[in-house]
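The next block holds one structure in the form of structure tokens; read it before the comments.
So that the names make sense, note that chain A is the first sequence line, chain B the second, and so on, each numbered from 1.
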There are 2 protein chains.
Amino acid sequence: MNATSSDVAKHAGVSRATVSQVLNGYAERFAPETAAKVFASAAELGYEPSAAGRALRRGSSDFVVALLPHTTFGGNLQDLFEQMTVTLADHGYTLVLRMAGSAASTLDKMIAGMKPAAVFSLTPFTDDERAVLDRRNVLAIDPPSVSQVDYNRAIGRMQGAALVEGGHTRLAYAHLRDERHDPFGFAREEGLREVAREHGLPDVQVVDVSIDLDRASASLGELAVPGVAIACYNDDVAMALLAAARVRGLEVPRDLALIGMDRTDLSRIAVPRLTTIEYDMVAAAGAGTASLLQALGAGAPRPTAAPAVLSLIAGETI
Amino acid sequence: MNATSSDVAKHAGVSRATVSQVLNGYAERFAPETAAKVFASAAELGYEPSAAGRALRRGSSDFVVALLPHTTFGGNLQDLFEQMTVTLADHGYTLVLRMAGSAASTLDKMIAGMKPAAVFSLTPFTDDERAVLDRRNVLAIDPPSVSQVDYNRAIGRMQGAALVEGGHTRLAYAHLRDERHDPFGFAREEGLREVAREHGLPDVQVVDVSIDLDRASASLGELAVPGVAIACYNDDVAMALLAAARVRGLEVPRDLALIGMDRTDLSRIAVPRLTTIEYDMVAAAGAGTASLLQALGAGAPRPTAAPAVLSLIAGETI
DNA sequence: ATGAAAGCGCTAACAC
DNA sequence: GTGTTAGCGCTTTCAT
């Protein structure tokens, strides 16, 4: 096992250069039967090119590094990265994941050492990260460079529109208290604010919510219930407020309207069923991957329109 | 930027061989002032050794691949991998993450191409994965090779013990219906069965539960309620059954006892508060990292005793 | 105490 | 059409 291109060359009775060319998409330069012999030998020997050898020669590797947001790592994100892994593999790239939180110095080491073809992030790079990436001269892709659409603002707007549509006029935004888990909140709050302004509604109230019954209940106490309509950072926040409302004897949506975000599995067991927004990770990953590939010089041209990745999931909490 | 060892050598006025030796822990072979010059030059130029060059020379890279289980472990997962990233970096290894689900063929490609120092998984390797790893001759570390303790069986036993302790005699095990998300269920069910046997209780009933109110309610209908005590695959399953019980007008724990697993954030907003089991990821990561390092020939000897990573979280559902 | 030389596996330019 | 050659950056004998 672990055949090299020399082994393949020997087995096929050709030179290493020929093996390399054939296996790298220039098969048509050769006699069909030569190419066939090469393919057959490679398959028979289980040959896979050495990433190290190739990287050394080409100056950069086939690795694409994705920085994982320091946010709850649920099933959705997993699906997203899984799809990216597969799509990138189709184009010869290998996706590896990396915790974004880990110190910038170790990021630097990794970048410098592994010379990835690109570094990708779902959230904007921090200044430290950006500095490292620039210094090491790596293709860096983050949301601002992928799309002009600010999805987080759009999410806030969509939540606001749904609440207004339901006849509510006093809007509030509920952040997740632990900021580490809420990298998107402020843009969403801003989207909600915009909707309030556009409809001439009073300014939105803001609360921080912990995923804890007592503390969520206390947060509810900060708002002027009944009569408030809350756009939540995610479904966990919404579920916490829903439970708190029940404990406080408030009826949803009569006394308190709620809209979540993410359509988590657990939001399906809420009583009453949670109104929420679904983010189509697969579509988003497709768009992200597409612009990544394009930036890498592979793949199709960038789609002109941003894909529709947000959809409202009807429930009974508005 | 992106200096090579030649650059450092030139800058320090020594040979590349000297740079390599000094920077790889053999500084004391040289005159102190020579070593100092090398260190200074390396730092000044921001030199980081090329992973490709090193891997090519050494035959295997400094990468350690961690396979991510396709399961939602709550936010703890991140803390775990972040800690592993840092600890391994201290020993010169670079941790990269990889979705376990992605087809075995792309795993093979990655392993063959990147020649990682080790592949690590929190869940036992599948037969496919094991085959790939063996064939490519890679150091493979999974829980069975880390510890003789079967944590999943231990979890089932712990759940059973808690239910028996609470005076319940008719035990049941609730799997998550989507098998893709339930890689550990059967070992846990087996642990529960053992407890039932040891206490002379009737055999445990088994149900599959979906995270969906109606379907969870139907699952409840399959069990002989009231009077059953259910060990759940995870807190999500427990929360679904809790909501279903409420809809059906069953009182917990009088008509139905429940114990979850994972202590997710959301289990803290259950009413009544969910009794569950917490898995100490950080301790587990510490143990895993230790044995990984030992297997790699670095690091301290393997701790003799398995760390205590499971603890019962009191609630009101038993 | 330090340097010269060889070679890991690969691919691109060029020769034939 | 196919092979020869050179060299990517590194580490490791082996000389000196």
Side-chain angles (χ1 to χ4, degrees), chain A residues 1-39 41-42 45-63 92 94 109 111-115 117 136, chain B residues 1-39 41-42 45-63 92 94 109 111-115 117 136:
Chain A
M1 255 315 112
N2 284 332
T4 71
S5 77
S6 289
D7 299 332
V8 177
K10 221 165 291 168
H11 189 98
V14 299
S15 76
R16 275 158 73 225
T18 301
V19 171
S20 177
Q21 308 245 74
V22 169
L23 262 28
N24 283 294
Y26 299 108
E28 69 288 353
R29 291 182 189 166
F30 295 83
E33 67 166 18
T34 305
K37 266 190 303 191
V38 171
F39 282 122
S41 300
L45 299 179
Y47 169 73
E48 291 294 343
S50 147
R54 176 175 283 176
L56 204 47
R57 173 66 225 222
R58 296 228 253 240
S60 88
S61 70
D62 289 338
F63 293 115
T94 299
K109 248 175 117 133
I111 300 302
M114 127 186 271
K115 304 217 186 337
R136 295 293 178 185
Chain B
M1 256 315 115
N2 282 332
T4 71
S5 76
S6 289
D7 299 332
V8 177
K10 219 165 291 167
H11 189 98
V14 299
S15 75
R16 276 159 69 227
T18 302
V19 171
S20 177
Q21 310 244 76
V22 168
L23 261 30
N24 283 293
Y26 299 108
E28 69 286 354
R29 290 182 189 167
F30 295 82
E33 67 166 17
T34 305
K37 268 191 302 192
V38 171
F39 283 122
S41 301
L45 300 179
Y47 169 73
E48 292 292 346
S50 147
R54 177 175 281 179
L56 203 47
R57 172 67 225 219
R58 296 227 254 242
S60 89
S61 70
D62 289 338
F63 293 116
T94 299
K109 250 174 116 131
I111 299 302
M114 130 185 269
K115 303 218 188 333
R136 296 293 178 186

Margin query: With a 6.0 Å cut-off (strictly less than), is the heavy-atom count around CD of E28(A), excluding the residue itself, greater than 12?
Written below: yes
Next item on the list: Taking the side chain as every heavy atom from C-beta outward, state whether N2(B) and Y47(B) have any pair of such atoms under 4.5 Å apart.
Entry: no
Notebook entry, point to check: Roughly, in whole Å, what's the span from OH in Y26(B) to P in dT12(D)?
Noted result: 7 Å
Next item on the list: Let me have a per-nucleotide readout for nucleotides 3-9 of chain D, 5' to 3', with B, S or -, counting only protein heavy atoms under 4.0 Å.
Entry: BB-BBBB
Check: So, is T34(B) close to the dT2(C) phosphate, meaning a side-chain N or O under 4.0 Å from OP1 or OP2?
Finding: yes
Next item on the list: Output yes when a side-chain donor or acceptor of S61(A) lies under 3.5 Å from a complementary backbone atom of K115(A), and no otherwise.
Entry: yes
Next item on the list: Could you tell me the separation between the CD atom of E28(A) and the P atom of dT2(D), rounded to a whole number of Å?
Entry: 12 Å
Note to self: Working note: L23(B) + V38(B), criterion side-chain contact (heavy atoms from CB on, under 4.5 Å); need CA distance, chi angles, decisive distance, verdict.
What the structure shows: CA-CA 8 Å; L23(B) 261 30; V38(B) 171; 3.7 Å; yes
Margin query: How many whole angstroms separate atom CG of N24(A) from atom P of dA12(C)?
Written below: 7 Å
Check: So, do T94(B) and M114(A) sit near enough that their side-chain heavy atoms are less than 4.5 Å apart?
Finding: no
Check: Could you state the CG-P distance from D7(A) to dG9(C), rounded to the nearest angstrom?
Finding: 8 Å
Note to self: List the residues meeting side chain to side chain donor-acceptor pair (under 3.5 Å) with S5(B), not counting sequence neighbours, and say none if there are none.
What the structure shows: none
Item checked: Pairwise 5' ranking along DNA chain D for R29(B) and A35(A), keeping only the more 5' one -> A35(A)
